[in-house]
**Student:** 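Here's a structure for you.
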Amino acid sequence: MPHDTPLISTIVGGLVLAFVFGAFAHRLRMPPLVGYLIAGVLVGPHTPGYVADQSLAPELAEIGVILLMFGVGLHFSLKDLLSVRGIAVPGAIAQIGFATLLGWGLGALMGWPTGGSLVFGLALSVASTVVLLKALQERRLVETERGRIAVGWLIVEDLAMVLALVLIPAAASIGGEGHAPVEPFSAGLNRLFGLDLGIGGMLAMTLVKVGLFAALMLVFGRKLIPWMMHRIAHTGSRELFRLGVLAIALGVAFGAAKLFGVSLALGAFFAGMVLAESELSHRAAQESLPLRDAFAVLFFVSVGMLFDPNILIDRPLPILATVFIIVIGKSIAAFLIVLAFRKPPGTALTISASLGQIGEFSFILAALGVELGLLPEEGRDLILAGAIISIILNPLLFFLCDRMRPLFESAKRDETATEAAAAPDDTAKAEPIAPPDDDEVHPTALTGHAILIGYGRVGRIVGQNLKSSGTPFLVIEDSDKRIGDLKVQGIEAFMGNAVARETLDLANLPAARSLAIAIPNAFEACRIAEQARSVNPSILIVARAHSDAEVDELKQYGADTVIMGEREIALGMVDRLAQVHHESVPYEDRREPDTIIPTGAAPPERE
């Protein structure tokens, strides 16, 4: 067996170093993305030591791009976008235009061609989905008005960048800049019939092909793909379901590129968006998440490999200008745009801090620009340096905005109060003082209540029974769709992962009587049980498990009662068989009594 295995060494080297530096970045309370990029720099050709294969890394990164865009499509919510469309759509377009103009100006000052400068400006205009969502979740802002506006703003940016990925190659092929491939259909018409479609015609042809692909996906794909996934799900094979999700993501992306000439990223985005309409979308996201995360890490590592650290020494002023555009220019533009829509200063500060960084779409645009010969490699290095520095500075930007928020709000209230006092009485009545911007998530006021972690198949049954019995309870759930359903039902719910102490603190643990951990992940359940027991030693903790080992581990970390699903199913079957064959009392489990629900003289009704 040959020992020269560049594919294996590239994957192993990238993942191991990404894990080490990602964990180190997390320890420093920075996004792991920073660690992944640094790992790529260390295995790149510009630093001493091990160098990963330069031809294989971009191909692995392409798979990462496909799966990243597939994930974006899976989480694309047209409903969320429409709820804030009045500010998110015009605001995002105006902010993209302003940031692109600043980037184009910087590129022009450095002598770059117009096409390269525009690509550079576009790359600086779009924020990172990963960094933004993580920042909002840590501050429990996803379900607030500010969070919804920020997410909707980001969706508009993503859609604009998806359109840019389509138009940039077409524009490059006709603009005389770079070495992009000529659009094949237009070239065929010119060769056979001497028809020159011109710039407008070629762009229109590209848009027609994209439109045909989009129509095919929306008319046939939205029926065929969910039908296929439901058929696969009915087989009961988790392996086949996971394979089907990956086959759809990669197959649609590859087919879109080969048959319609659109980018792999756009094809994957449409595949995810179509699948998102299925009831199985949440399960598809979960099943594809491990591989998606792994290849996304390789994508960021491959991006880091392209970065030349020497630019930090050779070109400090362009780097400072790039960081200024990302962190200051974009943030000020977003702040003023939100205020122009008469939103409170707190909302404007949150939006501006959220957008003061760049990430994955910027890397995709930079790679495309270099590949087409539009953007010089120096531009790609500036984008990478700007991304790393802006992501590191983003928590500081949020901190500063949190500190500035009370000052803006107090000034706003004073101004409003002064205007109201100076105005006649009838005017003051006609224009009441606006309430303060207070959409923060506050801890619950419940006491003596039950806390339910997770609202999936198990959690929903537990929650319905708690509600019907009149037991006060609340739910902690990390799915925004389920949170929306709970709020419609009038059930108090908090968005987030209960492993995070900040999220668990919202549930008023010291005053709670019981905690039901209905999530299937035993590792997270143990962490939750351990934290809950340390805060409230007398609380009743009930959890679920899938094996005897998980039962023992959960009890070790503080769970009082652990329900093992397979054991309960078996006991239910034995109970029913015993009643028919022996007319006997229900079968008693021989394990410790606190690992199952106690049985009475007669078995409970089972579905």
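Quick note: residue numbers are just sequence positions, from 1.
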**Student:** When rounded to the nearest 0.5 angstrom, what is the spacing between CZ in Phe70 and CG in Leu246?
**Tutor:**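 Here the interatomic distance stands at 8.0 Å.
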**Student:** Using side-chain heavy atoms (C-beta onward) and a distance below 4.5 Å, is Ile326 in contact with Ile389?
**Tutor:**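 A side-chain contact is absent here, since even the closest heavy-atom pair is not under 4.5 Å.
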**Student:** Find the distance between CG (Leu397) and OG (Ser354) and round it off to the nearest 0.5 Å.
**Tutor:**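 So the gap between those two atoms works out to 9.0 Å.
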**Student:** Under 6.0 Å from the CH2 atom of Trp112, do we count more than 12 heavy atoms belonging to anything else shown?
**Tutor:**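 Yes - once you tally the heavy atoms of other residues, nucleotides and ligands closer than 6.0 Å, there are more than 12.
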**Student:** Before giving the answer on side-chain contact (heavy atoms from CB on, under 4.5 Å), spell out for Leu375 and Ile383 the whole-Å C-alpha distance, their side-chain angles and the decisive distance to 0.1 Å.
**Tutor:** CA-CA 11 Å; Leu375 184 67; Ile383 291 171; 4.0 Å; yes
**Student:** What heavy-atom pair brings Ala333 and Phe98 nearest, and what distance separates the two atoms?
**Tutor:**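 Closest approach of Ala333 to Phe98: CB-CD2, 3.4 Å.
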**Student:** Does any part of the side chain of Tyr36, heavy atoms only, come nearer than 4.5 Å to the side chain of Leu15, both counted from C-beta?
**Tutor:**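 No; the side chains remain at least 4.5 Å from each other.
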**Student:** Which distance, rounded to the nearest 0.5 Å, do you find between the CZ of Phe120 and the OG1 of Thr100?
**Tutor:**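 Rounded to the nearest 0.5 Å, the CZ-OG1 separation comes out at 11.0 Å.
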**Student:** Stepwise, does the side-chain contact (heavy atoms from CB on, under 4.5 Å) test hold for Leu250 with Ile66?
**Tutor:** CA-CA 7 Å; Leu250 299 173; Ile66 292 173; 3.7 Å; yes
**Student:** Between the main-chain N or O of Ile332 and the side-chain N or O of Ser352, is there a donor-acceptor pair closer than 3.5 Å?
**Tutor:**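 Pair absent, no side-chain N/O of Ser352 close to backbone of Ile332.
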**Student:** Kindly indicate, with the supporting measurements, whether the criterion side-chain contact (heavy atoms from CB on, under 4.5 Å) is fulfilled by Leu122 and Leu118.
**Tutor:** CA-CA 6 Å; Leu122 280 173; Leu118 288 176; 5.6 Å; no
**Student:** Check whether any side-chain heavy atom of Trp153 sits under 4.5 Å from a side-chain heavy atom of Ile337, and report yes or no.
**Tutor:**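 The answer is yes, as the side chains (C-beta and beyond) meet within the 4.5 Å cut-off.
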**Student:** Hey, could you give me the CG/CD distance between Leu368 and Glu371, rounded to the nearest 0.5 Å?
**Tutor:**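 That separation rounds to 6.0 Å.
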**Student:** Sorted by first residue and then second, give each salt bridge (charged side-chain N to carboxylate O under 4.0 Å, His left out) pair with at least one member in residues 31-42; sequence neighbours left out.
**Tutor:**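 Found none.
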**Student:** For Ala387 and Phe363, which heavy atoms make the closest approach, and how far apart are they?
**Tutor:**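 Taking every non-hydrogen atom into account, CB-CE2, 3.4 Å.
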**Student:** Check whether Thr347 reaches the backbone of Lys343 with its side chain - one donor and one acceptor, N or O, closer than 3.5 Å.
**Tutor:**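 Not at all, since once roles are kept as given, no pair shorter than 3.5 Å links the two residues.
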**Student:** Looking only at heavy atoms, what is the nearest atom pair of Ala150 and Ile351, with distance?
**Tutor:**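 Looks like N-CD1, 3.5 Å.
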**Student:** Would you confirm whether Glu377, through its side chain, and Val370, through its main-chain N or O, come within 3.5 Å as a donor-acceptor pair?
**Tutor:**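 Side chain of Glu377 to backbone of Val370, a donor-acceptor pair under 3.5 Å: no, none is there.
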**Student:** Would you say Ile392 and Ile388 make side-chain contact, with heavy atoms under 4.5 Å?
**Tutor:**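 A side-chain contact under 4.5 Å exists here.
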**Student:** Which residue pairs satisfy the side chain to side chain donor-acceptor pair (under 3.5 Å) criterion with at least one member in residues 318-342, sequence neighbours excluded?
**Tutor:**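 Residue pairs with at least one partner in residues 318-342: there are none.
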**Student:** Taking all heavy atoms of Ala127 and all of Leu154, pick out the closest pair and write down the distance.
**Tutor:**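 So the two residues come closest at O-CD1, 3.7 Å.
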**Student:** Is a side-chain donor or acceptor of Tyr50 paired with a backbone partner of Ser9 at a separation under 3.5 angstrom?
**Tutor:**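 Yes.
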**Student:** Apply side-chain contact (heavy atoms from CB on, under 4.5 Å) to Ile358 and Val126, showing your working.
**Tutor:** CA-CA 6 Å; Ile358 60 175; Val126 57; 5.6 Å; no
**Student:** Where do Met110 and Leu382 come nearest, in terms of heavy atoms and distance?
**Tutor:**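 Result for this residue pair: CE-CD1, 3.7 Å.
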**Student:** Nearest 0.5 Å, what's the CG-CD1 distance between Leu124 and Ile325?
**Tutor:**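 Result: 5.5 Å between the selected atoms.
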**Student:** Is it the case that the side chain of Gln95 and the backbone of Ser125 share a donor-acceptor pair, with hydrogens and angles ignored and the cut-off at 3.5 Å?
**Tutor:**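 Checked: pair present.
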**Student:** Which residue pairs satisfy the salt bridge (charged side-chain N to carboxylate O under 4.0 Å, His left out) criterion with at least one member in residues 386-399, sequence neighbours excluded?
**Tutor:**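 Listed by first then second residue: nothing to list.
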**Student:** Leu102 and Gly329: which non-hydrogen atoms are nearest, and at how many Å?
**Tutor:**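 Heavy-atom minimum between the residues: CD1-CA, 4.2 Å.
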**Student:** Working to the nearest 0.5 angstrom, can you tell me the gap between His46 NE2 and Ile311 CD1?
**Tutor:**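 The NE2 atom of His46 sits 10.0 Å away from the CD1 atom of Ile311.
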**Student:** So Ile168 and Leu374, do their side chains get closer than 4.5 Å, heavy atoms only?
**Tutor:**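 Yes, side chains in contact.
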**Student:** For residues 297-310, which side-chain donor-acceptor pairs fall under 3.5 Å, sequence neighbours excluded?
**Tutor:**
| unit_1 | atom_1 | unit_2 | atom_2 | d |
| --- | --- | --- | --- | --- |
| Ser302 | OG | Leu298 | O | 3.3 |
| Ser302 | OG | Phe299 | O | 2.7 |
| Asp308 | OD1 | Asn310 | N | 3.1 |
| Asp308 | OD1 | Asn310 | ND2 | 3.1 |

**Student:** Is the shortest side-chain heavy-atom distance between Pro32 and Phe21 below 4.5 Å?
**Tutor:**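 No, every pair of side-chain atoms sits at 4.5 Å or beyond.
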**Student:** Sort and list the pairs that fulfil side chain to side chain donor-acceptor pair (under 3.5 Å) and have at least one residue in residues 379-390, not counting sequence neighbours.
**Tutor:**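 As it turns out, there is no side chain to side chain donor-acceptor pair (under 3.5 Å) pair with a partner in residues 379-390 once direct neighbours are skipped.
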**Student:** Going by ring pair (Phe, Tyr, Trp, His ring centres under 6.0 Å), name the pairs with one or both residues in residues 309-360, residues two or more places apart or in two chains.
**Tutor:**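 Every pair satisfying ring pair (Phe, Tyr, Trp, His ring centres under 6.0 Å) with a residue in residues 309-360: Phe335-Phe408.
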